[in-house]
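Taking it in order: structure first as C-alpha cells, then the write-up.
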Amino acid sequence: MNNAFRYADDLGPAKVILIHEPVCGLKAVLVVDNVAAGPSIGGLRMAQDVSVDECCRLARAMTLKNAAAGLPHGGGKSVLFGDPRMAITDKERLIRALACALADERDYIFGPDMGTDEQCMAWVQDEIGRAAGLPRELGGIPLDEIGATGWGIFHAAQVALAYCDFPLAGARVVIQGFGAVGKHAMRYLALQGAILIAATDTGGTIHDPAGLDSAALTALKETGRSVIDHDRGSKLERDASLDIECDIWIPAARPDVITEDNVGRLKTRLVIEGANIPITPAAERLLHERGVLCVPDFIANAGGVICCAVEYRGGSQSEAFAVIEEKLRRNTEEVLKMSCEQGLLPREAAMRLAAGRVRKAMSTRRWRVF
Ligand code: NAD
C-alpha cells in the first residue's frame, strides 16, 4: 500500500487511475497530479514500454510546466500501452475506448505526445469533446507545423543572451535533434543572424563551421531523409554534436543525452533545453560550475502546451504566438534573475517559481490538490 503512494507529496498526485478493457486489449494509466490552478492538461503518450512511474513523473513535470507558464491548468498525463505504429483501425479503437473510459474525468484535458498526434486528438474530441492539439479543421492550431515550441525557445534564447557576453547575430548554434522543435527553433534564431554549424538526427551529424543552410536541411527532412544527406559539410557520428565547439547548444531529441559521464565534452556557452529532461541534474550542476548557462526544459519548451491552452479556449494562431512570446520572455527573465540574485541553479530557481505558483493556487482551494 505504501508503495502505491511512493510519488505522493504535498503537491500530488491527486489521482492515479488504471484503465483496463479486455475486449480491445486496452491498458492505460491516467495521473492527475494537481488541479489547483485549473483542469490538468497534458499529453497522451503511446508506447510499448510506458509505466505508472513514468506517467507520475510526466504528470508532475506538467504541473510545474503549466504553473511556470502561468496557465490556468494543473498537470496531468496519460499513457497507453501499445505500439503506436499498429494498424490505424486498431489504434483508433484503443484511443476511442480510452477516451470513453475517461469521459467523466473532467479534471483532465487530453493533448498529443509521443506516439499520438492531432488525428488521435480528433478521435478523443469526437468521443468526449475534451482534447487540445486538434486538426486545423476542428479549430486546432497545428503546433508542430507552425513551430510553437521553437518560437518559445527562440525567445528564451534572446532573454538568456542578456546574461551571456555574446550577441545572437553571428552566434554559432548546434541542434541535437533536427525535428519539429529543433528545426523551427533554428529557423527563428537564423532570422536574427544566428548560424547553424551542426545538426543531428538519428542518422548522424552534419557539420560545417562556415554555416549550414537550415532551410535546405528542413526541406530534406520533409522528404523523409536524414540531415547527413545534405550535400555540404562533413558527415559525422550521431553523438559528434557533443564535441563541436559552439555558442548555443540546443538538445531537442531524447531525455538524458548529457550525463556526468559526457558533460565534459560540451564546449558551449549557452544551453536551451528543447527536449524534456535532456541533461541530468548532476550534469547541469557541472555546466553551471563551468559558467555555462542552461535554461531548463520546463521553462524553455513550454511553447507547445501554451499553444494547446490557447487553442482550448478558442484562441487563434496569432494569439498563440503572442502569448508564447510574452510568457517565455517573462518567465525566462524571472528565472535567470532569481538564479543570479540568489545564487541558485536556473533549474532550482525555476522549481521555486513553479512550486510557489502551485502552492499559491492551492491556498485558494478547500481541497488542496483536487
Ligand atoms: P521529432 O520526432 O519531431 O524530432 C526529434 C528529432 O530528434 C528527429 O529528427 C530525430 O531523428 C532526432 N533524434 C532522435 N534521437 C536522437 C539522438 N539520440 N540523437 C540525435 N538526434 C536524435 O520530436 P519533437 O516533437 O521535435 O520533440 C523533440 C523533443 O522535444 C522530445 O523530447 C519532446 O518530448 C520534446 N518536446 C516537444 C514539444 C513539441 O512541441 N513537439 C514540446 C515540448 C517538448
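Only heavy atoms go into these numbers, but all of them, side chains included; no hydrogens, no water, no symmetry mates. As the structure lists them, so they are numbered: ligands from 1, and atoms in each ligand from 1. All values derive from a computational prediction rather than experimental measurement.
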Close-contact set for ligand 1 against [X] heavy atoms, below 4.0 Å:
X: Asp144; value: 39 (C), 40 (O), 41 (N)
X: Ala275; value: 29 (C), 30 (O), 32 (O), 35 (C)
X: Val181; value: 24 (P), 26 (O), 27 (O), 30 (O), 37 (C), 38 (C), 39 (C), 41 (N)
X: Gly274; value: 30 (O), 35 (C), 36 (N), 44 (C)
X: Phe178; value: 9 (O)

Atom 23 (O) of ligand 1: any protein heavy atom closer than 4.0 Å: no
Within-cutoff protein neighbour (heavy atom, under 4.0 Å) for atom 2 (O) of ligand 1: no
Donor-acceptor under 3.5 Å (Thr116 side chain, Pro112 main chain): no
Donor-acceptor under 3.5 Å (Asp247 side chain, Ala171 main chain): no
Glu118 side chain reached by Pro142 side chain, heavy atoms, under 4.5 Å: yes
Between the side chains of [X] and [Y], is a donor N or O closer than 3.5 angstrom to an acceptor N or O?
X: Asp201; Y: Ser226; result: yes
X: Arg285; Y: His288; result: no
X: Asp33; Y: Thr63; result: yes

With a heavy-atom distance limit of 4.0 Å, tell me whether [X] approaches ligand 1 through its side chain, its backbone, both, or neither.
X: Thr202; result: both
X: Ala252; result: backbone
X: Leu143; result: side chain
X: Val257; result: neither

Return the closest protein heavy atom for [atom] as residue, atom name and distance.
atom: atom 40 (O) of ligand 1; value: Thr149 OG1, 2.6 Å
atom: atom 32 (O) of ligand 1; value: Ala253 O, 2.9 Å
atom: atom 15 (N) of ligand 1; value: Arg254 CG, 3.4 Å
atom: atom 20 (C) of ligand 1; value: Thr200 CG2, 3.3 Å
atom: atom 9 (O) of ligand 1; value: Lys221 NZ, 3.3 Å
atom: atom 4 (O) of ligand 1; value: Gly179 CA, 3.2 Å

Which residues share a side chain to side chain donor-acceptor pair (under 3.5 Å) with His155, sequence neighbours left out: Arg329
When only distance counts, is [X] in polar contact with ligand 1, meaning an N/O pair under 3.5 Å?
X: Ala180; answer: yes
X: Lys65; answer: no
X: Arg45; answer: no

Smallest separation among heavy atoms of Glu319 and Val310, with atom names: CB-CG1, 4.2 Å
Closest to [atom] among [options] (heavy-atom distance):
atom: atom 33 (C) of ligand 1; options: Ile306, Asn276, Asn301; value: Asn276
atom: atom 18 (N) of ligand 1; options: Gln176, Lys183, Met114, Arg238; value: Arg238
atom: atom 7 (O) of ligand 1; options: Gly150, Gly177, Ala148; value: Gly177

Parallel, tilted or perpendicular: rings of Phe154 and Tyr188 (30°, 60°): tilted
salt_bridge([X], [Y]) N-O dist < 4.0 Å:
X: Arg60; Y: Asp9; value: yes
X: Asp10; Y: Arg359; value: yes
X: Glu273; Y: Arg347; value: yes
X: Asp53; Y: Arg6; value: yes

Salt bridge (charged side-chain N to carboxylate O under 4.0 Å, His left out) contacts in which one or both residues fall within residues 145-166, not counting sequence neighbours: Arg136-Glu145, Asp165-Arg269
